[in-house]
Amino acid sequence: MVQRTTVRELMNEYGHTHAEEAGIRLRNTPAPLFQLLTLCVLFSVRIKADIAVAAARELFGAGMRTPQAMAAASWQDRVDALGRAHYRRYDESTATALGAGAALVLDRYHGDLRRLRHEADGDPGRMRELLREVPRIGPVGADIFCREVQGVWPELRPAFDTRARHAAAELGLPKTPEGLARLVTAQNLPKLAAALVRVELSRGAVDELLKSA
C-alpha cells in the first residue's frame, strides 16, 4: 500500500516524459521516432533539461521534424534555431551533429528508425549499440531514447536505467526493472522511468515524496 501511494505521488508530481515536454506525440512511425532521436542528441551534452527541450521545440517549429527536413536545412538554420532556445556553447557542434545524424538515418535506415529496431532483432543491448552510432549519442542519450520509446517498442520493457533504479531504492520501491514494472501499466512505464530520473536529479525530492507517502 505504501509503495502504491509513493508511486501515485511520484507520477502526479514528476510523471511527464521529455517527449511530451517537447511536443512529440510518440508513435511507432518515422517522424516522431526521429524527433525523439533529435531530442536525445540535444540531451547528450552537459546542458539543462529545459534548454534541451526548448531547443527541440525550436527545431521542430522551424520545420526540422523529419530526417529529410533536418538534412535539407542549412547548418546556419540549425544554429539559429538552437540559439533561439539559448542552447549556448554547443550550438555549432550540435548543428553539425544533427545534420550528420539525419544523413546517417537517411542513408542507413532510409529515414525510418523502425529499420534500426528491425536490425537489432529484439535485443535491447544491440539497439543501444546502434543508437550510439548516431553522432553525439552516447550512453545517456541511448538510455533516454530506450526509456521513452519503450511505450511503443515493447521489447525494451522494462527500461529503467541506473539513475532510475537508485531513486527507486531511495523511495523504498523495488530495485529491479521487473519489480518496478509491476507497479504501473505497460503504457505508463516511460512516465514512471522519467519520474524516477527526475527525482534522482532533484534535490530534496526523495524526502518530500516520503513525507507525502
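Hydrogens, waters and symmetry mates play no part in the numbers below; they use all other heavy atoms, side chains included.
Interatomic distance, CZ of R57 versus CD1 of I24, reported as 9.0 Å (0.5 Å rounding). With rounding to the nearest 0.5 angstrom, the CG atom of L37 is 12.5 Å from the CZ atom of R136. Atoms CG and CE, from N188 and M11 in turn, are 4.0 Å apart once rounded to the nearest 0.5 Å. Rounding to the nearest 0.5 angstrom, the gap separating the CZ atom in R198 from the CD atom in E13 is 11.0 Å. In this structure, CD on E148 lies 9.5 Å from NZ on K191, to the nearest 0.5 angstrom. The distance from the CG atom of L156 to the CZ atom of F145 is 8.5 Å, given to the nearest 0.5 Å.
Using a 4.5 Å heavy-atom threshold, the side chains of L180 and L196 count as touching. Side-chain contact between L106 and Q68 is present, with at least one heavy-atom pair separated by less than 4.5 Å. The shortest side-chain heavy-atom distance between M127 and E119 does not fall under the 4.5 Å cut-off.
The minimum heavy-atom distance linking Q3 with G172 is given by the pair NE2-O, 3.1 Å. Pairing each heavy atom of A85 with each of E58, the nearest pair is CB-CG, 4.0 Å. Here the closest heavy-atom approach between residue D91 and residue L82 is recorded as O-CD1, 3.3 Å. The minimum heavy-atom distance linking Q150 with A159 is given by the pair OE1-N, 2.9 Å.
Within the structure, side chain to side chain donor-acceptor pair (under 3.5 Å) pairs that include any residue of residues 171-180 do not occur (at least two apart or interchain).
N12 places a side-chain N or O within donor-acceptor distance of the main-chain N or O of R8, the cut-off being under 3.5 Å. Listed for the R165 side chain is a donor-acceptor partner under 3.5 Å among the backbone atoms of F160. Side chain of R78 to main chain of A97: no donor-acceptor pair is present (N/O by atom type, distance under 3.5 Å, no hydrogens or angles). R4 contributes a side-chain N or O that, together with a main-chain N or O of L183, makes up a donor-acceptor pair within less than 3.5 Å.
Around NE2 of H118, the count of heavy atoms belonging to other residues, nucleotides or ligands within 6.0 Å does not exceed 12.
In this structure R147 satisfies the salt bridge (charged side-chain N to carboxylate O under 4.0 Å, His left out) test together with D161, sequence neighbours excluded.
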### Task
Apply side-chain contact (heavy atoms from CB on, under 4.5 Å) to E21 and D50, showing your working.
CA-CA 9 Å; E21 290 182 316; D50 58 341; over 6 Å; no
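Cluster note: W75 groups with V79 through ILVMFWY side-chain heavy atoms spaced under 4.5 Å, whether in direct contact or through intervening members.
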